[in-house]
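Take a look at the structure below.
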There are 2 protein chains.
Amino acid sequence: MTAPLISQTEPELRTEATTDIVGYRLRRAQLSVFQRFNAAFEMLNLRPAEYSVLVLIADNPGRKQTEIAEILGIKRANFVALVTGLETRGLIERQAAPGDRRANALYLTADGVKFLDEARAIQDRFEADCIARLGGVERRDALLRLLDTLC
Amino acid sequence: MTAPLISQTEPELRTEATTDIVGYRLRRAQLSVFQRFNAAFEMLNLRPAEYSVLVLIADNPGRKQTEIAEILGIKRANFVALVTGLETRGLIERQAAPGDRRANALYLTADGVKFLDEARAIQDRFEADCIARLGGVERRDALLRLLDTLC
DNA sequence: GGCGTTTGTTATCAATCATAACAAATATCT
DNA sequence: AGATATTTGTTATGATTGATAACAAACGCC
């Protein structure tokens with residue numbers, strides 16, 4: 001005997017047990033947001049991690065690689081290529097850190113400052129879009145508070 | 001002249017421009033949750049994606065690979081290795097799909113059912129921990145609603 | 001019967017993340 | 001001061017994840 005014909009409309013899958021999970025929904029939301037971020041920054045060819053590095057250096061010039069990396073939760077080893085990439089593009093500089101010949105002090109170049117201005121403008125629009133989707137700044141803040149409890 | 005001594009306590013970095021961003025906080029929270037998930041499932045050697053595949057097959061036996069993959073947002077191409085891995089471990093089976101000799105219908109094996117029972121128990125405890133961190137089921141539901149608006 | 005589409009698959013490719021090892025420089029301790 | 005431990009940047013490497021292109025077999029359509 002074959003399976004009986006149940007419905008003409010395509011039978012839907014049961015997904016509650018999978019989708020009603022915090023981690024799963026977090027992953028989906030994060031992927032979605034990052035894809036939109038990448039689309040918005042396609043012209044600048046800037047990835048999320050790179051943007052955060054530029055902002056952090058701009059707000060904290062002269063800090064060592066390790067300090068910047070640690071705050072972003074990036075391993076020292078993986079941070080090297082990231083910094084090298086931004087340096088090769090002429091956006092940041094590694095300078096000798098005063099008082100520690102091992103360390104590299106990171107600075108934005110003049111080009112980097114100009115570049116970051118453009119990036120910040122795009123990011124502001126992007127964040128405004130996220131806030132609009134969430135339904136207002138209060139909801140955004142509520143989300144950030146909830147996310148913090150998971151870290 | 002050298003930089004003046006400002007403070008004995010280590011000077012803190014300015015991070016607002018980076019951390020007050022939805023995408024960034026999403027990424028951090030998702031990474032943190034997945035790391036705890038992986039720790040909880042270390043004994044079962046089960047990754048988040050694998051768990052969701054098992055649950056989805058259990059709740060929708062006989063579905064084609066493409067159907068399961070699409071719901072999880074996994075590309076067909078990348079889903080092959082995932083299915084093969086679970087099949088090699090004896091947890092699921094690829095069976096001939098009735099009426100379509102191209103497609104593979106996916107089923108849990110008896111071992112897969114037993115295995116998923118254990119996994120579900122762990123996941124239930126894990127989700128309870130997430131809810132506790134968030135401050136209750138209402139907050140968890142609020143988070144899920146907010147996350148949905150970002151997809 | 002011919003033609004476009006779907007399905008599973010392989011092969012790449014890029015990005016992300018983790019670990020181990022290492023040399024140079026620095027800090028610590030006695 | 002000298003021995004020892006730690007920090008810093010770096011390279012190398014591996015595992016995981018996600019995306020794209022191409023392909024043969026099977027299917028659906030006309």
Side-chain angles (χ1 to χ4, degrees), chain A residues 10 23-24 26-39 41-42 45-53 62-88 92-106, chain B residues 10 23-24 26-39 41-42 45-53 62-88 92-106:
Chain A
E10 54 182 32
Y24 177 80
L26 263 179
R27 166 178 165 264
R28 296 298 292 258
Q30 188 252 325
L31 261 170
S32 175
V33 170
F34 268 46
Q35 279 174 357
R36 288 203 305 279
F37 181 99
N38 284 327
F41 280 88
E42 197 178 14
N45 189 28
L46 198 66
R47 321 218 123 265
E50 293 174 325
Y51 174 76
S52 61
V53 169
R63 292 304 185 123
K64 296 184 294 182
Q65 287 188 196
T66 298
E67 293 180 289
I68 303 290
E70 190 176 349
I71 286 195
L72 294 174
I74 301 175
K75 305 282 180 191
R76 284 197 330 276
N78 297 327
F79 198 57
V80 174
L82 222 172
V83 168
T84 301
L86 294 174
E87 194 178 34
T88 302
I92 67 174
E93 281 179 339
R94 288 190 243 231
Q95 292 188 10
D100 191 338
R101 278 180 292 173
R102 297 168 301 178
N104 293 334
L106 299 180
Chain B
E10 54 184 31
Y24 177 79
L26 262 180
R27 166 179 164 264
R28 296 298 293 259
Q30 188 251 325
L31 262 170
S32 175
V33 169
F34 268 46
Q35 281 174 355
R36 288 204 305 277
F37 181 98
N38 283 327
F41 280 87
E42 197 178 14
N45 188 30
L46 198 67
R47 320 218 122 263
E50 293 174 325
Y51 174 76
S52 61
V53 170
R63 292 304 186 125
K64 295 184 295 182
Q65 285 187 198
T66 298
E67 293 180 290
I68 303 291
E70 190 176 348
I71 286 194
L72 294 174
I74 302 175
K75 305 284 181 192
R76 285 197 328 277
N78 296 327
F79 197 56
V80 175
L82 221 172
V83 168
T84 301
L86 293 174
E87 194 178 35
T88 301
I92 67 175
E93 280 179 338
R94 287 189 244 233
Q95 292 188 9
D100 192 337
R101 277 181 294 173
R102 297 169 302 180
N104 293 334
L106 300 179

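Convention: sequence-line order gives letters A, B, ...; per-chain numbering from 1. Side chains included, hydrogens not; waters and symmetry mates left out as well; all remaining heavy atoms used.
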Does the B/Q65 side chain pair with the main chain of B/V80, one donor and one acceptor, at a distance under 3.5 Å? no
Which nucleotide in the set C/dT10, C/dA18, D/dA19 lies at the smallest distance from any side-chain heavy atom of B/N78? D/dA19
Listed nucleotide nearest any side-chain atom of A/Q65, set C/dG8, D/dT10, C/dA18: D/dT10
Between NZ of A/K75 and P of C/dA21 the distance, given in whole Å, is 16 Å
Between A/A77 and A/A49, whichever has its closest DNA chain C nucleotide further toward 5' is A/A49
From CZ of B/R101 over to C1' of C/dT6, roughly how many Å is that when rounded to an integer? 15 Å
Under 4.0 Å, counting only non-hydrogen atoms across every strand here, what does B/N104 touch: a base, just sugar-phosphate, or nothing? sugar-phosphate
Between A/R28 and A/Y24, a side-chain donor and acceptor under 3.5 Å: yes
Closest of D/dT17, C/dT9, D/dG9 to the B/R94 side chain is C/dT9
B/R63 has an atom CZ; how far is it from atom C1' of C/dG8, in whole Å? 18 Å
Roughly how many Å is it from CG in A/L26 to P in D/dT17, rounded to a whole number? 17 Å
Which whole-number value in Å describes the distance from B/F79 CZ to D/dT16 P? 17 Å
Tell me what B/L31 touches on the nucleic acid: a base, only sugar-phosphate, or nothing, going by heavy atoms under 4.0 Å. sugar-phosphate
Between P on D/dT17 and CD on B/Q35, what's the gap in Å once rounded to a whole number? 13 Å
Does A/Q95 CD have over 12 foreign heavy atoms under 6.0 Å away? yes
Using the side chain to side chain contact (heavy atoms under 4.5 Å, CB included) rule, pick out the option among A/L86, A/I92, A/N45, A/V83 that qualifies with A/E50. A/L86
Against the side chain of A/R102, the closest entry in D/dG18, D/dT17, C/dA25 is C/dA25
A/R27 CZ to D/dT17 C1': how many Å, rounded? 9 Å
Indicate yes or no: at least one non-hydrogen side-chain atom of B/L26 is less than 4.5 angstrom from one of A/F34. no
Using a cut-off of less than 4.0 Å, is there contact between a side-chain N or O of B/K64 and OP1 or OP2 of C/dT7? yes
Can you work out whether B/D100 or B/R76 has the more 5'-proximal nearest nucleotide on DNA chain D? B/R76
Please state how far atom CD in A/E87 lies from atom P in D/dG9, giving the value in whole angstrom units. 13 Å
